Amino acid sequence: MCGRFSLTATPRELADTFGVLETEDFPARYNIAPTQPILVVISADRPKPGSNLPARKAVLVRWGLTPSWVKDPRDFPLLINARAETAATKASFKAAMRHRRILIPASGFYEWHRPSKESGQPSQAYWIRPRNGGIVAFAGLMETWASADGSEVDTAAILTTHANARIGDVHGRMPVVIKPEDFSRWLDCTTQEPRDVADLMAPADDDYFDVIAVSDRVNKVANVGPDLQAPVHAVSRPLAKPKEPPADSQLSLF
């Protein structure tokens with residue numbers, strides 16, 4: 001799964017990477033957690049001929065997808081991740097997979113290796129970032145939930161897939177990474193059906209990410225400084241490939 005991530009890029013870097021208008025200035029975020037607002041990139045309305053406006057735009061949404069058909073979010077689990085293998089057919093995600101695919105910019109994400117209780121070893125947090133630096137684009141899905149009074153909330157989930165060999169030593173799942181040359185195809189929900197982009201939802205190459213042991217300070221949402229990404233000596237070493245989570249990652253709002 002992916003339960004925490006970071007975005008420390010500047011608005012200029014985001015504009016250059018994703019081809020969007022430069023967004024308003026915003027602070028670096030080192031510990032983004034579910035239910036918080038996150039920046040996502042979506043397809044914009046097709047520019048008029050001769051227009052210099054980009055075909056994409058950046059918007060803020062809440063991390064934790066709520067399907068449009070949910071009557072009361074308080075009675076529905078918060079879906080922070082969606083399995084790439086089943087998103088096109090699962091009721092909570094299939095409409096978004098067909099009509100509302102998005103990109104979620106990140107500088108990297110956090111994952112935890114949790115040994116079995118029998119091992120007696122503590123959990124170990126890891127900061128996982130692109131080996132060559134820069135911004136990574138996670139594949140995401142977006143839904144707009146409307147309340148009975150007409151107010152709307154834009155929500156999103158991160159798509160995950162089987163972990164590659166490097167991350168598989170820590171956790172069985174990882175976010176789907178979309179390469180820059182595939183941004184347009186992933187975001188094109190007009191001509192590209194889910195089956196047409198299924199090939200994009202494969203694990204990143206084994207050498208794409210660095211996996212760095214960090215302190216357990218990242219466990220607390222209140223901790224938001226760059227020290228969260230400082231390397232530490234791992235207190236436990238992965239002994240075997242962990243089992244995959246049984247279902248899409250969920251959190252409860254309450």
Side-chain angles (χ1 to χ4, degrees), residues 1-5 7 11 14-15 18-27 29 31-48 51 53-84 86-106 137-160 175-176 178 183-184 186-194 197 221 247-254:
M1 65 177 289
C2 176
R4 299 284 178 86
F5 69 98
L7 179 61
L14 287 167
F18 292 94
V20 299
L21 289 175
E22 188 168 341
T23 61
E24 295 183 8
D25 197 15
F26 52 82
R29 299 175 66 192
N31 195 8
I32 300 172
T35 75
Q36 293 181 353
I38 61 173
L39 190 76
V40 306
V41 174
I42 65 174
S43 286
D45 295 333
R46 185 180 297 276
K48 296 180 180 179
S51 171
L53 292 176
R56 303 170 193 151
K57 63 181 179 180
V59 298
L60 289 174
V61 305
R62 187 193 66 170
W63 185 15
L65 187 142
T66 303
S68 59
W69 43 262
V70 170
K71 293 183 177 180
D72 189 342
R74 292 173 296 183
D75 299 327
F76 193 82
L78 187 72
L79 302 175
I80 63 171
N81 295 158
R83 283 180 174 253
T86 58
T89 58
K90 195 163 185 177
S92 295
F93 306 116
K94 63 181 182 180
M97 187 67 192
R98 177 64 185 87
H99 301 290
R100 289 171 291 279
R101 297 190 298 268
I102 62 174
L103 297 168
I104 301 177
F138 297 151
L141 302 175
M142 178 174 164
E143 278 285 9
T144 299
W145 181 81
S147 67
D149 63 8
S151 60
E152 296 183 339
V153 180
D154 292 326
T155 67
I158 296 172
L159 281 158
T160 66
V176 172
I178 303 296
F183 285 176
S184 293
W186 175 255
L187 292 174
D188 180 5
C189 295
T190 301
T191 67
Q192 299 292 304
E193 296 186 9
V197 295
V221 177
D248 298 295
S249 302
Q250 303 177 357
L251 291 177
S252 175
L253 277 169
F254 301 94

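None of these values were measured; they are calculated from a predicted model. Values reported hereafter were calculated over all heavy atoms of this structure, with side chains retained and with hydrogens, waters and symmetry mates removed.
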Separation of [Y] [atom2] from [X] [atom1] (nearest 0.5 Å):
X	Y	atom1	atom2	value
C189	R100	SG	CZ	8.5 Å
C2	I104	SG	CD1	8.5 Å
R62	Q36	CZ	CD	12.0 Å
E143	M97	CD	CE	13.0 Å
L141	K94	CG	NZ	14.0 Å
L78	L65	CG	CG	8.5 Å

When I38 is tested against each of I32, L7, I158 for side-chain contact (heavy atoms from CB on, under 4.5 Å), which residue passes?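 Of the listed residues I32, L7, I158, the side-chain contact (heavy atoms from CB on, under 4.5 Å) partner of I38 is I32.
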Compare every heavy atom of [Y] with every heavy atom of [X], then report the nearest pair and how far apart it is.
X	Y	value
W69	A91	NE1-O, 3.6 Å
P194	R101	N-NH1, 4.1 Å
V20	L14	CG2-O, 4.1 Å
P105	V41	CG-CG2, 4.0 Å

Does a donor on one side chain and an acceptor on the other come within less than 3.5 Å for N81 and T160?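 No donor-acceptor contact under 3.5 Å links the two side chains.
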Just by distance, no angles: are the side chains of S184 and R56 close enough, under 3.5 Å, to form a donor-acceptor pair?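 Note: S184 and R56 side chains meet the donor-acceptor criterion.
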Should [X] and [Y] count as side-chain neighbours, where that means a heavy-atom distance under 4.5 Å?
X	Y	result
L79	S92	yes
V59	D154	no
P175	L159	no
V61	M142	yes
L103	I178	yes

Taking V70's backbone N and O only, do any of them form a donor-acceptor pair with W145's side chain (distance below 3.5 Å, no angle check)?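 Looks like yes, one N/O pair under 3.5 Å.
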Check for a donor-acceptor pair, side chain of W186 on one end and backbone N or O of V197 on the other, with a separation under 3.5 Å.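 Not confirmed, W186 side chain does not pair with V197 backbone.
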Parallel under 30°, tilted from 30 to 60°, perpendicular over 60°: which one fits the rings of F5 and W63?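 Correct class here is perpendicular.
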Residue list, salt bridge (charged side-chain N to carboxylate O under 4.0 Å, His left out) with R4, at least two apart or on another chain: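 Partners of R4 by the salt bridge (charged side-chain N to carboxylate O under 4.0 Å, His left out) criterion come out as none, since no residue qualifies.
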F93: ring-ring contact (aromatic ring centres under 6.0 Å, His included) partners, not counting sequence neighbours: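 Checked F93 against ring-ring contact (aromatic ring centres under 6.0 Å, His included); zero matches.
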